[in-house]
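Structure, as structure tokens:
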Amino acid sequence: MKRNEMLAMILAGGRGSRLHDLTNKVAKPAVSYGGKYRIVDFPLSNCANSGVNVVGVLTQYESVLLNSYVAKGETWGLDTKDAGVYVLTPRERADAGLDVYRGTADAITENIDFIDSYNPENLLILSGDHIYKMNYAKMLQYHKEQNAAATIAVMPVTMEEATRFGIMITDENNRITDFEEKPAHPRSTLASMGIYIFDWPKLRELLMTDKDDPNSDHDFGKNIIPTLLANNEKLVAYKFEGYWKDVGTIDSLWEANMDLLKDDNELNLDDPTWKIYTGDTTVLPAYIGPNANINTAYIPQGSHIDGEVDSSVIFTGATVGKGAKIVDSVLMKDVVVEEGAVVTRALVADGVKIGKGAVVGSADSKEILLVAEDVKGVE
Amino acid sequence: MKRNEMLAMILAGGRGSRLHDLTNKVAKPAVSYGGKYRIVDFPLSNCANSGVNVVGVLTQYESVLLNSYVAKGETWGLDTKDAGVYVLTPRERADAGLDVYRGTADAITENIDFIDSYNPENLLILSGDHIYKMNYAKMLQYHKEQNAAATIAVMPVTMEEATRFGIMITDENNRITDFEEKPAHPRSTLASMGIYIFDWPKLRELLMTDKDDPNSDHDFGKNIIPTLLANNEKLVAYKFEGYWKDVGTIDSLWEANMDLLKDDNELNLDDPTWKIYTGDTTVLPAYIGPNANINTAYIPQGSHIDGEVDSSVIFTGATVGKGAKIVDSVLMKDVVVEEGAVVTRALVADGVKIGKGAVVGSADSKEILLVAEDVKGVE
Amino acid sequence: MAKAFGIVTSCSGRKVKGMTDYRPVGAFNFLGRFRVIDFAISNLSNSGIEDLQVFLSDNPRALANHVGDGRAHNLNAKRGGIEILFSEPNTLNPVYNTNVRAFMENLVAIKRKTQEYVVISSSSAVFTAHYDELLDAHAAEGNDVTLLYHKVTEADKKYGTCSLIDLVGDKVTGIRPNMLEESDANVFMDSYILKKDLLVELIEEATDISSKYTLADMINAKLGELKVVGVEHTGYYAPIIDLQAYYDANMALLDPKETAALFTEEWPIYTRMTDSWPTQFYEEADVTDSYVCNSGTINGKVSGSVIGRGVHIAKGAEIKNCIILSYVEIGEGAYLENQIVDRYAKISAGVKLVAEADDPGYIRYRDKI
Amino acid sequence: MAKAFGIVTSCSGRKVKGMTDYRPVGAFNFLGRFRVIDFAISNLSNSGIEDLQVFLSDNPRALANHVGDGRAHNLNAKRGGIEILFSEPNTLNPVYNTNVRAFMENLVAIKRKTQEYVVISSSSAVFTAHYDELLDAHAAEGNDVTLLYHKVTEADKKYGTCSLIDLVGDKVTGIRPNMLEESDANVFMDSYILKKDLLVELIEEATDISSKYTLADMINAKLGELKVVGVEHTGYYAPIIDLQAYYDANMALLDPKETAALFTEEWPIYTRMTDSWPTQFYEEADVTDSYVCNSGTINGKVSGSVIGRGVHIAKGAEIKNCIILSYVEIGEGAYLENQIVDRYAKISAGVKLVAEADDPGYIRYRDKI
């Protein structure tokens with residue numbers, strides 16, 4: 001990709017309140033996933049693998065962890081000359097008061113000077129809480145072939161699911177003719193993935209107008225896309241097929257982890273031609289003790305297992321003591337499950353300790369239990 | 001240096017209003033110096049060479065240039081594991097409104113969570129606009145040997161100069177007994193260099209108290225140091241000898257550049273054991289054309305000289321056309337002086353173009369002329 | 001700037017059955033994810049010695065790419081980093097492949113260093129050493145040369161190609177080959193601390209005396225003139241001198257207590273990262289008492305083994321007390337006991353390979369069995 | 001991921017009077033701050049080919065440390081980087097030091113690559129080439145092999161060790177040695193584009209036919225079967241085949257027009273950075289028509305020359321039409337004309353060295369005169 005062809009902005013969003021206590025200490029994009037990754041590794045690795053070398057990460061809620069994590073562009077190979085990952089927080093400007101972002105579009109508007117300093121032809125807008133692998137270079141190629149003002153990545157869903165998404169109505173040439181947010185009676189099953197490529201000069205102009213519109217929510221879905229449609233600009237849908245998951249809730253985050261245990265798992269993290277990069281650590285290989293009994297599991301280096309693990313995803317630094325039993329669960333980074341404890345259908349947050357003999361979660365709970373605080377043992 | 005022994009915070013300050021138009025577009029620490037450097041390269045290189053691996057750069061006025069420059073810790077070798085350079089701007093916190101820093105001490109207070117995340121034993125406070133080379137590891141060693149609550153670097157000045165500095169009065173063991181800000185009748189000639197090492201737990205406690213004191217200016221010189229003295233804490237002076245220059249004015253910035261032309265220049269940038277690192281670029285060697293006439297000059301790679309240069313410092317990317325004449329001047333990055341133009345006793349800001357035959361500055365001006373905007377030619 | 005630079009020596013000419021045909025000992029995989037040289041480099045890096053010269057000789061590819069410029073081992077590129085130096089192996093007569101010859105070939109590069117001291121470490125042993133403290137003591141006590149040694153009780157059976165050190169107090173009185181005649185002995189660890197200028201002198205003098213002289217020989221010859229002090233190293237020490245030593249060194253670390261002593265949080269062992277993914281354990285996996293690296297799939301039985309990166313173990317296979325190196329594939333129902341299986345080897349379904357723990361089997365790189 | 005990986009070949013056995021005693025041609029300093037290999041690597045890097053194999057042979061030290069893992073040349077470490085491969089020079093008979101032999105020794109590493117295409121470039125010539133466009137054309141036109149050539153008018157005087165290409169239209173009909181018999185000719189630039197699988201086939205077949213076969217020989221033998229297309233390269237091209245070529249290649253760039261054509265903003269030539277400082281010009285400096293690198297001091301007269309990094313020129317010295325490599329010291333009143341002074345050499349006060357431009361003098365590495 002040429003130097004100024006496309007710049008990416010990741011909307012890493014706010015505190016991720018639907019993820020409850022998981023995001024008390026870390027911003028949502030920094031939440032752990034898949035044994036050793038963080039959610040934000042996915043859009044960043046996709047950018048790196050697609051040749052999108054400059055990425056701005058927009059976050060309202062600044063966390064020391066997210067900042068220092070993302071600032072090491074080396075993690076994703078985004079540290080070559082003219083490359084970089086930059087954390088952009090709301091800030092003092094000479095000509096305005098201090099402001100937090102008012103909407104997704106506003107977050108871009110507030111950082112126009114950053115974008116201008118790279119003078120890109122196109123702007124790629126991404127979300128910080130989706131798990132998927134996608135070649136943005138191919139999407140850009142489509143965007144250019146179509147000579148579109150905006151290209152929106154869409155995914156076919158079932159008619160039932162369609163009621164929960166923003167739905168794109170297209171003509172036979174993939175041109176978007178209409179757009180509906182969570183329609184009760186969907187006219188199409190193409191769901192927007194929240195991934196946009198905009199012609200930057202056009203978007204810039206639109207943002208400058210939108211900025212001062214008192215009636216606007218300053219949101220891509222609610223304002224920018226409808227305005228483009230109203231202006232009769234060419235919007236096209238780019239069809240994506242493959243694994244894609246919004247991990248905005250505890251249940252969906254748990255599910256996305258469980259998907260990795262499937263033999264035919266579509267996400268396919270073991271593809272050496274499209275690696276997901278993450279902040280790696282110098283740890284020992286997984287140590288499997290003499291009393292271990294592991295059946296179906298996803299286990300990374302740096303973990304320490306001496307108990308029973310069944311249909312579970314274990315993260316770096318997690319410890320399962322002798323006689324402990326982990327079933328249908330996710331043990332995040334540095335979780336300690338002491339001897340004899342039982343964890344079932346639970347998602348245990350980074351660093352949580354579950355004491356000796358404690359029993360957490362149950363096999364027939366409807367929702368997945370989030371364990372975000374230490375659980376005392378039962379001696 | 002052990003991992004948590006000392007963390008550095010550079011007070012990169014505000015817009016640097018005394019540097020006038022030079023800081024319109026770039027924050028003061030990003031101002032160019034010495035042919036190829038930026039001012040902030042000095043504290044950052046000193047940190048790197050001293051083994052201080054984590055550096056926070058505190059800036060109120062956020063500039064895209066300073067941020068993206070400083071964020072590349074690789075420039076100073078500060079990109080190893082557990083190392084890093086972090087730009088810290090005023091930000092939204094869960095428990096407070098948006099605030100700009102109220103004083104030098106407040107800037108630290110506002111970033112206590114960042115410092116806490118490293119849990120350092122000592123905190124090194126530096127200024128972002130001083131030119132000097134100093135081994136902070138030796139200062140730390142002295143601080144530890146003295147078992148001091150705070151160690152302040154001081155420099156002997158003349159009695160006359162002493163009236164313009166913060167002056168430390170010490171006993172025969174270098175213990176500071178009193179402190180005077182710009183005294184009319186100095187009782188000592190030891191000037192504070194604005195470089196402090198604090199015992200972090202002690203400073204942290206003090207900052208938490210100072211934070212809510214309505215009468216405090218939240219300033220190290222005005223509040224924190226006097227309080228420590230009043231509390232009878234052990235404050236010691238660490239004597240520094242060598243080149244040190246505050247480049248807060250156009251004249252002092254010009255002088256600091258001119259100092260490099262002296263044969264016995266104390267700053268000694270050509271010391272391979274204490275290199276000053278900077279964002280290097282892939283440019284050609286300096287090209288000296290057939291009509292060049294260079295006498296005393298400091299000339300880096302990437303410049304292009306075909307005119308006369310006398311007693312001047314030329315920066316990367318600067319061009320001096322045929323027949324042009326540069327005397328007692330500083331041409332900063334990418335300055336273009338066209339054919340026949342004459343520049344005397346001037347400091348020409350980054351990227352400025354001086355047109356054909358223009359005459360800028362004069363040999364007998366009292367002050368150095370700052371040229372911050374293009375000058376038209378006289379054809 | 002640190003007051004010492006580091007030299008990591010190769011062990012040109014050392015043969016470890018099969019394995020050294022493909023790479024030098026320093027490049028051997030260790031405990032699944034490390035390489036033997038990681039220990040030497042991490043010891044120096046953690047000691048604040050940031051400017052290293054790494055000597056390579058036979059088959060330099062794997063090590064040259066592994067150590068790179070030192071970033072992977074946390075060496076600050078501005079304050080130092082790794083300079084790779086080569087010495088040509090003398091294939092006609094390996095007796096001339098001494099470390100002195102390698103130093104002599106690169107004497108200009110050694111002389112160019114500005115640090116006062118040099119710490120020399122071998123790339124072919126697994127241990128940790130705090131050179132920062134040793135260096136301070138060396139300077140404080142005014143030693144000319146400090147040598148590290150390790151007390152062992154089986155010098156008559158193991159450590160065959162190591163040198164032994166004789167001591168009176170802490171003063172070294174002799175450095176001599178191990179003739180396998182005594183059980184209790186002080187094994188020389190091939191680690192030296194001395195001034196750079198002295199090293200240069202010793203190299204030049206050794207070259208004058210004999211082309212067969214090693215640095216240890218030279219120091220031995222100068223024991224009368226120089227203050228040569230031995231410092232005892234305690235803890236885990238495993239020189240990889242043959243296949244058995246390599247096997248035992250890995251197996252010993254299946255004891256969590258040994259591992260905890262070698263790998264501590266304040267003394268990380270750095271290695272090159274590979275962006276691997278977690279290993280998938282399937283329904284019929286049955287793993288105990290083992291180390292398992294990333295990027296693999298396991299559906300068989302594993303016990304008392306070290307499983308490297310990207311290893312695939314099919315259903316019904318059984319791996320007992322083995323070292324399986326990276327990217328090996330084990331077919332259904334295969335049975336392996338006391339084997340070292342080299343990288344990219346493929347063991348077909350049903351194959352049975354059994355050896356004894358005191359004479360482990362070896363399956364070659366890329367072999368298909 | 002790019003569809004091609006790159007191979008940068010060494011030129012084992014090529015001799016450039018004096019200079020190749022110390023380093024291969026790829027490591028030669030060029031125009032003061034570059035090395036010759038920077039052009040080959042930057043061409044690939046700028047073309048989006050991020051995964052390179054660099055072949056080293058004789059004296060690998062300088063190049064191994066210069067190219068490192070590819071970061072200095074802007075190669076994304078995650079998407080690729082540089083893998084260093086070694087081939088052992090056959091010192092007994094240099095006729096066997098063919099690129100095919102080097103490829104054969106590292107065939108496993110070449111086979112392991114997943115990209116469909118490979119671009120091969122020589123490390124010992126200075127030029128720019130947009131391989132991205134060439135690769136697209138190669139694939140679009142269904143070529144088997146694309147070769148780069150440069151039209152020259154003095155093939156009877158220069159380019160002695162280069163190969164020449166015969167063409168009918170753009171179809172290559174012959175690749176043959178330059179017998180210095182014709183002036184106008186197409187010089188083969190040792191750059192190839194082909195599928196990886198075809199490269200592997202050709203290497204294996206060449207090995208079967210003759211140990212002396214080069215890749216170009218093999219392609220020449222297959223011209224009947226394969227679609228081999230020549231693409232003309234225009235602009236600056238300087239193969240460094242001998243000392244005169246090296247001297248001329250530097251001197252040609254003192255013409256700002258030539259420099260502007262070779263070094264453009266959108267095609268940066270990357271090199272390793274050294275944290276140098278600006279050069280100090282003193283009162284009696286008199287410099288014209290020259291390139292001057294950083295970290296030096298100049299108090300003498302310099303004209304028509306290339307002055308490397310850290311060069312010190314004392315009062316009254318005069319340097320005319322010379323190439324002065326890094327860290328050279330020129331004493332007071334010395335006079336040098338048409339000389340190439342190798343690194344770290346010291347020219348004493350008053351020494352006078354004069355040669356002709358068509359037979360420049362050479363002062364050896366670290367020499368004192």
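Only a predicted model underlies this, so the values are computations on that prediction, with no experimental measurement involved. In what follows, chains are A, B, ... by sequence order, proteins preceding strands, each numbered from 1.
A donor atom on one side chain and an acceptor atom on the other are not found under 3.5 Å apart for B:Asp306 and B:Tyr287. When only modelled atom types and interatomic distance are considered, D:Tyr362 and D:Asp342 share a side-chain donor-acceptor pair under 3.5 Å. Side-chain contact, D:Asn29 with D:Tyr246: no donor N or O sits under 3.5 Å from an acceptor N or O. No side-chain N or O of B:Tyr298 forms a donor-acceptor pair with one of B:Asn257 less than 3.5 Å apart.
The shortest side-chain heavy-atom distance between B:Trp244 and B:Met134 does not fall under the 4.5 Å cut-off. Within the 4.5 Å cutoff, the side chain of D:Asn65 has no heavy atoms near those of the D:Arg272 side chain. With a 4.5 Å cut-off on side-chain heavy atoms, D:Tyr291 and D:Leu31 count as touching.
Using a 4.5 Å cut-off between heavy atoms, D:Thr259 touches chain B through its side chain atoms alone. For B:Tyr37, the part sitting under 4.5 Å from any heavy atom of chain D is the side chain, from C-beta outward, and nothing else. Of the two parts of B:Thr316, neither the backbone nor the side chain holds a non-hydrogen atom closer than 4.5 Å to a non-hydrogen atom of chain D. Using a 4.5 Å cut-off between heavy atoms, D:Leu254 contacts chain B through its backbone alone, with no side-chain atom that close. Heavy-atom distances place no part of B:Val313 under 4.5 Å from chain D, backbone and side chain included. Only the side chain of D:Phe263 comes within less than 4.5 Å of a heavy atom in chain B; its backbone stays farther off. With a 4.5 Å cut-off on non-hydrogen atoms, D:Thr279 touches chain B through its backbone and its side chain both. If you measure heavy-atom distances from B:Ile305 to chain D, you find no contacts under 4.5 Å at all.
Among the candidates B:Val309, B:Thr278, B:Asp263, the residue making the largest number of heavy-atom pairs closer than 4.5 Å to chain D is B:Asp263. Ranked by heavy-atom pairs under 4.5 Å with chain D, the list B:Thr281, B:Leu261, B:Leu260 is led by B:Thr281. Between chain B and the options D:Ile298, D:Asp286, D:Thr288, heavy-atom pairs under 4.5 Å are most frequent for D:Thr288. For the set B:Gly289, B:Ser303, B:Ala292, B:Gly302, the count of heavy-atom pairs under 4.5 angstrom toward chain D peaks at B:Gly289. When the candidates B:Asn291, B:Ile314, B:Thr282 are compared by the number of heavy-atom contacts under 4.5 Å with chain D, B:Thr282 comes out ahead. Put simply, of D:Gly310, D:Ser276, D:Pro268, D:Gly308, the one with the most heavy-atom pairs under 4.5 Å next to chain B is D:Ser276. The most heavy-atom pairs under 4.5 Å with chain B, out of D:Ala285, D:Gly32, D:Ser290, come from D:Ser290.
Here the closest non-hydrogen pair linking D:Asn43 and D:Ser47 is O-OG, 2.7 Å.
Using a 4.0 Å cut-off between charged nitrogen and carboxylate oxygen, B:Lys262 and B:Asp259 count as a salt-bridge pair. Salt bridge status for B:Asp41 with B:Lys36: absent, with no side-chain N to carboxylate O gap under 4.0 Å.
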